[in-house]
Amino acid sequence: MAKTYSLKRSSSTPLRIDYAAELNPQQCAAATAAPGPALVIAGAGSGKTRTLTYRVSYLLETGTAPWEILLLTFTNKASREMLERVALISPEADRKIWGGTFHSVGNRILRQHTEAAGYRSGFSIMDREDQGDLMKAVVASSGIDTKGRRFPKAEVVSDVISLALNTGQTIEEVCSFKYPYFLEFADEFDGLRKQYEARKKSINSLDFDDLLEKTCKLLREHEEVADRYRKKFKVVLVDEYQDTNRLQSEFIDLLVRDHHNVMVVGDDAQSIYSWRGADFRNIMEFPNRYPEAKVYKIEQNYRSVPEVLELANAAILGNSQQFEKTLTATRPSMELLPALVELQDGNEQAAFIAQRVLELQDEGIDLREIAVLYRAHYHSMEVQMELTRHGIPFEITSGIRFFEQAHVKDVSAFLKLATNPRDEVAFKRAVRLLPGFGNKTADTLWRWLSEQIDVDSSTDIATLLSEAKVPARGAKHWQQFVYTIEELAPAGNPVRPAEMIKSVIEALYDDHLKVAFTNYTARRDDLQVLMDYAGGYDNTQDFLSQLALQTSLESSEITGPEERDEALTLSSVHQAKGLEWKVVFVIWLTDGMFPGNRSLEDPDALEEERRLFYVAVTRAKDQLYLSHPVLRLNAGYGDMLQRPSRFLGEIPVNLLERWDVE
DNA sequence: TACGTGGCGCTTTTT
DNA sequence: GCGCCACGTA
């Protein structure tokens, strides 16, 4: 047995930062906590990020090296912001800290131990669409009868399997709990799961779940690898802990097994991702799993006026499971109660918002300080149209994400193929773009190609493809295709990703773009953006990882950190988490819309909707408008009367001011 | 086997 | 008002 002996830095050096002066007592206690497990319950707007940032700088100041810190976040954006803020306090440190989403850290570890994890180097990452595509292929080749009876679609099967994995349940449990009507298919689902697993491995591809699951497996089964990271990371910090799922919390537990130096930060009242497998028992039961854990509560709110906070506190009261805490305001009142607005229908609601926004603008409020929040994308349709009519600029943070658009994925399929010749999904996608090549031909070609690769893995893929037999009608295009693949990696040496994109567009994709889509120009511009973005990468594999793991793209990431244009924000509540605006409109607060229809029957789901509502209202700094149309206009089924959201009924009337709109 | 056309169902949230 | 799937035809 070796003994670990660690040298301490001179403790007599005074700290550069006066933590007690920079932070409030609760924040300071958490930021300067002694080593060991810690749970920080930080309410909305209580300076959670600030506390975590100062925690990092405190660790650095007291002798922890930057590379010994692992900072886990939920979104790339959160990670970037945090590291930027750390850099302001402790320059130089940010680049050496391992920070990122669980998925990106998993990817990073798996890339370094690819063989031990059971994969070949250059593995592909599949997004949801790719998963669905592969599952379709698996279902097709499984011989399962999908025509003669109502068998769920591949994507649905995929979802069930994913949920089972992320929650640690069996397929049967997931079915009986969430999809009772699929119970009869449970065995078939399980068979498909095994085939899908095997298929992924043979095509050297990992899906999102694998990035978590295979990383845990690696740490579980390879003691020497686990040991390396346990020694490397002296401290693990986790943001948004309430949204971790079973695999994510296992990952943390595996890493800190020896020293228990883990600080998890979160707010149980803002847990809104259970549908993705998040289990907020992780945060509720943290003190049980780490009995020596210290619990810190941060309850002072710096964001909102007291009127908004009182409403928020009242709104969350309806939930039974939560850590007890009350947000107290530090800001003075502005003598303005949150507004409760009843409207005729969605159009009137939109008109109300447009008019009110123009007034606020006249009062000197910047559009960037205003947001319209909703439960689901489509709730914003009328608002979008109305804003356009009035010429009010707006940005939508939800909707189709940049990297998930068909044309972006089409082009990247070629790059994936050049990096990972075994990538069946990418191969088929690319081939189907050629005129005269459909599903069947792509599949036949793939079978032939994968056999060739198995026989002779040394020959590069372009050479192999040039020997393929293809239907006469597609011969010309096939030649062009092979030539393009060759160009991406001449003699097996990949060129830079930006050049690859250029080649693909010029050789064949530009033609496809013109005939396949009506908005050729817009999509062509997107591809230019993609190319510019790729310019920042030398290595195609890094570029592709980034593409897969970062589904959205902010304009500032391409054009540089210049000022955002003045525009109103339209966002789903999920995507608004962690953000704040002076003025917030929450729309479609009716039963069936918010809370959503499918949560009305299920008490747990309803509690999550309530937390979502809580997240929505706590985004507001100064003004809050809650609106509910009485009528939902529906072309197909006729108009539907809407009851006000039950969440509105739970708020004492004296906390709201009714606006009667005429 | 590829691809165009018409009917149908139906709307969540995302790494 | 829209996207997806099934069907029929070239």
Side-chain angles (χ1 to χ4, degrees), chain A residues 72-79 100-107 125-132 136 146-147 153-155 159 162-163 166 206-213 215 240 243-245 247-248 271-278 346 373-382 384-385 397-401 403-404 406 431-445 470-474 477 515-516 545-552 571-577 588 592-599 605 608-609 611-613 615-616 632-637 640:
Chain A
L72 291 164
T73 57
F74 255 79
T75 62
N76 297 289
K77 201 163 125 201
S79 151
T101 62
F102 284 90
H103 292 86
S104 71
V105 169
N107 176 50
I125 299 172
M126 298 193 291
D127 70 9
R128 256 185 88 106
E129 189 191 5
D130 300 332
Q131 283 173 49
K136 269 180 213 153
T146 55
K147 292 261 154 71
K153 285 194 220 146
E155 283 100 344
D159 279 352
S162 172
L163 193 62
N166 280 298
L206 281 82
D207 60 25
F208 281 147
D209 294 337
D210 287 328
L211 293 178
L212 305 177
E213 201 251 335
T215 309
E240 308 278 19
D243 284 328
T244 51
N245 65 28
L247 287 169
Q248 288 160 328
S271 173
I272 54 177
Y273 284 100
S274 74
W275 48 272
R276 204 169 91 188
L373 306 183
Y374 36 82
R375 175 72 245 266
H377 298 339
Y378 73 98
H379 295 177
S380 71
M381 285 312 299
E382 297 98 336
Q384 287 184 44
M385 290 191 285
T397 64
S398 47
I400 324 113
R401 279 164 285 287
F403 294 141
E404 288 174 357
V431 169
R432 275 195 305 250
L433 293 171
L434 307 172
F437 290 76
N439 253 326
K440 200 81 188 175
T441 313
D443 191 56
T444 312
L445 279 165
V470 296
R473 63 173 181 278
H477 293 288
V515 296
S545 296
Q546 195 63 20
L547 236 58
L549 296 170
Q550 181 156 346
T551 43
S552 61
S571 173
S572 69
V573 182
H574 279 91
Q575 298 215 41
K577 189 159 78 142
W588 280 116
M593 301 285 270
F594 196 170
N597 245 327
R598 24 194 115 178
S599 65
E608 178 145 319
E609 295 285 307
R611 292 192 291 268
L612 198 58
F613 178 57
V615 169
R632 183 174 161 197
L633 308 175
N634 203 320
Y637 280 92
M640 282 160 35

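Values below: all heavy atoms of this structure, side chains included; hydrogens, waters and symmetry mates excluded. Just so we're on the same page: letters track the sequence lines, and every chain starts at 1.
Distance noted for atom C1' between dT12(B) and dC5(C): 22 Å (whole Å).
In terms of phosphate contacts, Arg598(A) brings a side-chain nitrogen or oxygen within less than 4.0 Å of OP1 or OP2 of dT12(B). A close approach under 4.0 Å does occur between a side-chain nitrogen or oxygen of His377(A) and OP1 or OP2 of dT13(B). For Thr101(A) and dT14(B), the shortest distance from a side-chain N or O to OP1 or OP2 is not below 4.0 Å. Contact check, Gln575(A) against dT13(B): no side-chain N or O comes under 4.0 Å of OP1 or OP2.
Within the 6.0 Å centre-distance limit, the rings of Tyr273(A) and His574(A) are counted as a close aromatic pair.
Between Leu612(A) and Thr444(A), the residue anchored closer to the 5' end of DNA chain B is Thr444(A), taking for each the nucleotide with the nearest heavy atom.
Summarising the geometry, the separation between CZ on Arg375(A) and P on dT14(B) is reported as 9 Å, rounded to the nearest angstrom. Taking atom CD on Glu382(A) and atom P on dG1(C), their separation rounds to 13 Å, with Å as the unit. As a whole-Å value, the separation of Glu404(A) CD from dT14(B) P is 10 Å. Look at CZ on Phe437(A): it is 12 Å from C1' on dT1(B), rounded to the nearest Å. Atom pair Lys153(A):NZ and dC4(C):C1' shows a separation of 7 Å (rounding to whole Å applied). Rounded to whole Å, the distance from CG on Asp209(A) to C1' on dT15(B) is 10 Å. A straight line from CG of Asn245(A) to C1' of dT13(B) spans 15 Å, rounded to a whole angstrom. One interatomic measurement links the two molecules: CZ of Arg632(A) to C1' of dG1(C), which rounds to 13 Å at whole-angstrom precision.
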Under 3.5 Å for both distances, Watson-Crick or G-U wobble, that's the pair rule; now give the dot-bracket for DNA chain C, with | marking pairs to another strand and [ ] for crossing ones. .|||||||||
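For Lys440(A), the side-chain atoms get nearest to dT1(B) when compared with the rest of dT11(B), dT15(B), dT1(B). The side chain of Ser572(A) lies closest to dT14(B), out of dT14(B), dT11(B), dA2(B). In the set dC5(C), dT15(B), dA2(B), the nucleotide with an atom closest to the side chain of Thr441(A) is dA2(B). Candidate nucleotides dT15(B), dT11(B), dT13(B) were compared by shortest atom distance to the side chain of Arg276(A), and dT15(B) ranks first.
In this structure, NE2 in His103(A) is found 12.5 Å from OG1 in Thr75(A), a value given to the nearest 0.5 Å.
You'll find the side chain of Trp588(A) reaches within 4.5 Å of the side chain of Glu382(A), heavy atoms only. You'll find the side chain of Leu247(A) stays beyond 4.5 Å of the side chain of Phe102(A), heavy atoms only.
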Should Val431(A) and Thr441(A) be marked as a side-chain contact (heavy atoms from CB on, under 4.5 Å) after you check the CA-CA gap, both sets of side-chain angles, and the distance that decides it? CA-CA 9 Å; Val431(A) 169; Thr441(A) 313; 5.8 Å; no
Just do the side-chain hydrogen bond (donor to acceptor under 3.5 Å, both in side chains) check on Asn166(A) and Arg276(A) with the steps written out, would you? CA-CA 8 Å; Asn166(A) 280 298; Arg276(A) 204 169 91 188; over 6 Å; no
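Between the side chains of Ser380(A) and Gln384(A), at least one donor N or O lies within less than 3.5 Å of an accepting N or O.
Using a 4.0 Å heavy-atom distance criterion, Phe74(A) is classed as a sugar-phosphate-only contact. Note on Gly596(A): nothing from the nucleic acid sits closer than 4.0 angstrom, heavy atoms only.
Stacking here means ring centres nearer than 5.5 Å and ring planes tilted less than 30 degrees, and by that measure Tyr273(A) does not stack onto dT14(B).
No N or O donor and acceptor, one from the side chain of Arg128(A) and one from the base of dT15(B), sit under 3.5 Å apart.
Salt bridge annotation for Asp207(A)-Arg128(A): absent, with no cationic side-chain nitrogen under 4.0 angstrom from a carboxylate oxygen.
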